[in-house]
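Okay, structure first, notes after.
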Amino acid sequence: MKYIIVAVVLVSLGSCGASSERISGKLDVGTGVTITYSRTPMVFYVDKSGQAAYARNVLYVGPLEVNRMGRFRYYLWLGIWNTLQDPISGKSRDGFESIVIYADGEPLPLEVSGWSPDSIGASEDVYIRPVSSAADAYYEVTIDQLRLIAASSDVRIQTTGIRPQVYEPWDAQQSARLGLKAFLEESVY
Amino acid sequence: MLHSEPTGQGDRLRIFLEPTSICDGVSPLIVNSSSRIRPSNADDARLTELEYDGESAGGPVLTLVFSESVRFTVEAQEADFNIIVHVRRSTSADLAVATKQPAEFVEHRQVARPQTDAPDYVVNLASFQRVPTVADVGDIEIKDGQRVFYSEALVNRALWYRLRLGTFDDAALAKQALDAVAKQFPGAWIDRLESDASETLLVSSSQTKVQAEAPKLDIPDSKVDVLMEDARRTLIAGDTSRAIQIYTKVLQQPDGSRHVDAQEYLALAREKNGQLAHAKAEYQRYLSLYPEAEGAARVSQRLAALLASTRPANPEVGVDKQQSNARRASQSEWRIQTYFSQYYRRDVNQPDERDDIVSQSALYSDVNFDARRRGDRLDFSSRISLGYRNDFLDTRSSTNSNNSTRISYAYADLADTATGLRGRIGRQSQNTGGVLGRFDGLMLGYQFSEKLLLNSVFGKPAYSSSGGIDSERTFYGVSANYGPIVDAIDLGLFYIQQDIKGIRDRQAVGGEFRYFGPRQSLWGIVDYDLHFGELASAFLQGSWRFDSRLALHAMANRRGSPFLSTGNAIIGQPVTSFAELAEIFSDDELTELGRDRTASSTNYSLGISYPLTPNFQFNADAGRSTIEATPDSGGIFGVPASEYDYYSGSLLMSSLIKEGDVSIVGVRYSNSSTSKVTSFNIDSRYPLGRSWRINARLRVDHRQITSNDSEQWLITPGIRIFYRRSQKFRIELEAGKLFSQQESTVSSQDRESYFINVGYQVFF
């Protein structure tokens, strides 16, 4: 048998992977919904330096679009990481039943839809939690609320309850901002 | 190289490539280029075309097109980034095998096919990981007999939707079409249509946009369903007036099965049509007619957003610059938001055979003011966040209860949208650039470019919100943040210097990076102290989710406790200020004492999380903390080293009784030099209607205290009740009881205590 060899030299398709994809999508095989989300969540924190230097509570916040048979729903996912909380305690969820997002001072009250992916119709996590003991929380929002958040220069998140906490945005989150912008540009609703 | 397809045989070979980090002098942009060549002297290999597409949605792909079906093998040479393709012509026997047993040779469409007269060329316009819509088609020309549709393809285990134009009788016609759409779809490429592939029509040549966004199973089967589907397509296509007519028609139908949805979408359509007053009325009508409907919360939020967006001084909602400027022009008024809360907290100890001891009885009041004025060019905002603790106990009999005031924030902020300059003065907080949280001072920022942000900071640390301005420490620093780099990496670098009474307190350089990938994340912070010549802190945290849905989490954190600084020299010393200490010791001695009082603390943790089902999730953690010993110096005794290990596992169960509930059952074991503790915890949260939430808890701890050879049982039941009267008013009650029983060889002690927290919050 005659073999012909074709050699293709790939000279450094390098670094170079400057893909502009800031959003991802997945088909949830368990429930059949299609989920679009920003690849980079926003990071918020509460300063706890009074208890220990660099101690802080951290929130990861990411937008989600859930497409079920052409019906679109929008959610915010919160990954709640309380650095000083016992991992088996459920207390890290305290105050997150209701939250208020201040977008340039405009209060957006949100109620938790659920604490697990099934509350948005998914069978598994979309975003990766920062640590295994972090708590998930899902809040239904409107696309306009997401646009308001994206357009605001000053966003913070306040929990409710006995010990309300105000989460400030981590400084300089260009990737997350561009991700949210791309998410909104992709939105059809 | 990632992989190639098909395997073994076909008339087209696609090699999926992974960009490397070695550019070798070539422009990095080459990876995103596209080119197509016809190689010479390749007839023996039946190779007619080589095409490289760097902008393919599935990643860079190299396609080898053969004039007939051939057999091939692909060999990747990792060391020098070569790929060698061995080609041999297929025999008739090969073709027969391929036709009979395609599964052995092919994964997708490149199976050698029997010739057919049917047109089978298409132009792949674009690929998405969401369902394409007619909006994605744009205004390309669709000739008679052609259509735009999408089909599904599994690439590297990811589902892609391919938006396609076709079909064409031959490749030349497809090439003409490709050239015609190249401007709008620069990444388009020609493909052949799989005979057995399912497709969903979007636009036909008659220009009737038949958007079928939903899968084929979602076929409407009644009149109202047909109308709803028609309205949805029309709404997405942007014809809101027509959508309003159709939704109105649905609401007039005697069949009310879709009235709930129609009412919501009618409001939405009116909103999109700019009829805000009508939209508001329709949303309110929805809430009036269907207050318990699934979409009621969503509609409430839309209504709230609509009302907010129509206020005179509302911030910009859209991201369009013209709209933004137009809105800015009309937003010259002050806007003030206020938050107020009050909570009463009471802690009572109930020791054996003695009267109750109230350890806390206090009212906590917190208020937050936000004032904001957005101008044509300058945006001004200010924030004051105050707290006051009113202690009801007689301070003469209590050693730790006093009235106190806390100032968490008190700053003014001015941003110039034209130049990208921003300044903030007052009590504020920052956690990057080497700043350790709250401080009183000035921050100046400059958005140099879309990716580069420069910051400078000057001030005095405010380690406690109840303290005044620090009279001894002063710092200044500069930092730069750049990103994103290569998709999703943000970088930061900083320099900061802090002095205390003219003596160097800390002088640090450091950096930070954050990366979020599709399946992994990594975050690192490092702070190196130049003054002490050692690492002040380092933090690394990463997560990785595997195909099996198992997620692995790891974290390492090393830092001084307290944070490394010369000012730590005051710890344990019988002085009230650092200035007094500076009169006793020299600068070098103070630096050494500061180092001696700073224990190095290291934490490692490793965890996994795994979703057993959509409603059950298992988490496990293990961690170790060590605190190194500190030496005796300056008349202060050192502290011995200590270690602490823990192992925990928890099961999270959601929506067991009703949607939105969650229960967590966890077990934890910890071991330190002084005790061994085994803990069991259960925490259940249930929503009751839309306004009430109940949270019941139980924790049981068993402690073996090695220092006095005793055992202790702690049982802590508790309950939280949360009531949301409206979006602006909430009430919460929390109560718990502690039962403690401690047994040792010489004594036993039973003790009880309870606590009550109750309060409210209001926004206005």
Side-chain angles (χ1 to χ4, degrees), chain A residues 1 3-19 24-25 27 34 36 39-40 45 47 49-50 53-54 69-70 87-90 97-98 104-107 109 114-116 118 123-124 128 131-133 140 142 144-145 147-148 151 160-162 168 171-172 174-175 188, chain B residues 19-24 26 28 31 44-45 81 83-85 87 129-130 133 159 213-214 218 301-302 305 315-317 319 337 370 372 429 432 436-437 453 481 483-484 488 490 516 543 545 553 563 607 609 611 614 619 621 648 650 654 660 662 664 666 668 681 683 693 727 730 732 734 757:
Chain A
M1 184 67 68
Y3 283 85
I4 301 97
I5 296 176
V6 178
V8 182
V9 181
L10 300 175
V11 182
S12 310
L13 289 172
S15 128
C16 306
S19 163
S24 297
L27 175 67
T34 304
T36 306
R39 186 164 153 179
T40 307
Y45 74 99
D47 177 41
S49 57
Y54 274 143
M69 298 296 214
I88 64 168
S89 165
E97 291 92 347
S98 289
D104 272 350
E106 186 72 37
W115 308 96
S116 58
D118 71 295
S123 65
E124 61 184 35
I128 308 174
V131 296
S132 60
S133 57
E140 184 159 14
T142 66
D144 293 328
Q145 289 175 324
R147 288 198 175 108
L148 184 58
T160 54
I162 300 291
E168 304 283 343
D171 295 339
Q174 197 65 7
S175 294
V188 297
Chain B
T20 73
S21 58
I22 304 168
C23 290
D24 204 18
V26 178
V31 74
D44 285 346
F81 304 109
I83 293 176
I84 298 176
V85 180
V87 181
Q129 284 196 304
R130 58 167 174 79
T133 69
L159 181 66
E213 199 172 349
D218 193 24
Q301 291 172 347
R302 290 200 71 91
E316 63 198 55
V317 177
V319 291
Q337 295 287 338
D370 271 292
R372 194 170 297 269
S429 179
T432 52
L436 301 177
L453 173 65
N481 292 283
D490 290 308
F516 289 93
S543 299
R545 182 163 59 206
H553 311 269
F563 202 83
S609 55
N619 300 312
D621 282 283
S648 69
S650 62
S654 58
V662 66
I664 305 142
R668 186 173 195 259
N681 191 83
D683 183 300
R693 291 181 185 275
Q727 288 197 330
R730 297 171 174 82
E732 185 174 353
E734 181 181 16
N757 299 327

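Just so it is clear: chains get the letters A, B, ... in the order the sequence lines come, proteins before strands, and each one is counted from 1.
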Fill in: Structural part of B:N757 lying under 4.5 Å from a heavy atom of chain A
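Its backbone and side chain both get close to chain A.
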Practice prompt. Name the region of B:R668, side chain, backbone, both or neither, that has any atom closer than 4.5 Å to a heavy atom of chain A.
Written response: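 Backbone plus side chain of B:R668, per the 4.5 Å heavy-atom cut-off to chain A.
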Worksheet item: Taking atom types as modelled and ignoring hydrogens, do the side chains of B:S654 and A:D118 form a donor-acceptor contact shorter than 3.5 angstrom?
Response: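 Per modelled atom types, B:S654 and A:D118 side chains form a pair under 3.5 Å.
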Worksheet item: Between A:S175 and B:D490, do the side chains contain an N or O donor and an N or O acceptor separated by less than 3.5 Å?
Response: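 Distance-only check passes for A:S175 and B:D490.
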Fill in: Under 4.5 Å from any heavy atom of chain B - which part of A:E140
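Both backbone and side chain of A:E140 come within 4.5 Å of chain B.
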Item to complete: Find the distance between NE2 (B:H553) and OG (A:S133) and round it off to the nearest 0.5 Å.
Response: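 These two atoms lie 8.5 Å from each other.
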What option among [options] has the most heavy-atom pairs under 4.5 Å with chain A?
options	answer
B:S543, B:S650, B:G607	B:S543
B:P614, B:G660, B:S648, B:S609	B:P614
B:P484, B:G483, B:G666, B:S429	B:P484

Worksheet item: Is any side-chain heavy atom of A:D104 closer than 4.5 Å to a side-chain heavy atom of B:R372?
Response: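 With C-beta onward as the side chain, the pair touches.
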Discussion item. Measuring only between side-chain heavy atoms, which start at C-beta, is B:R730 closer than 4.5 Å to A:P109?
Written reply: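 Sidechains of A:P109 and B:R730: in contact.
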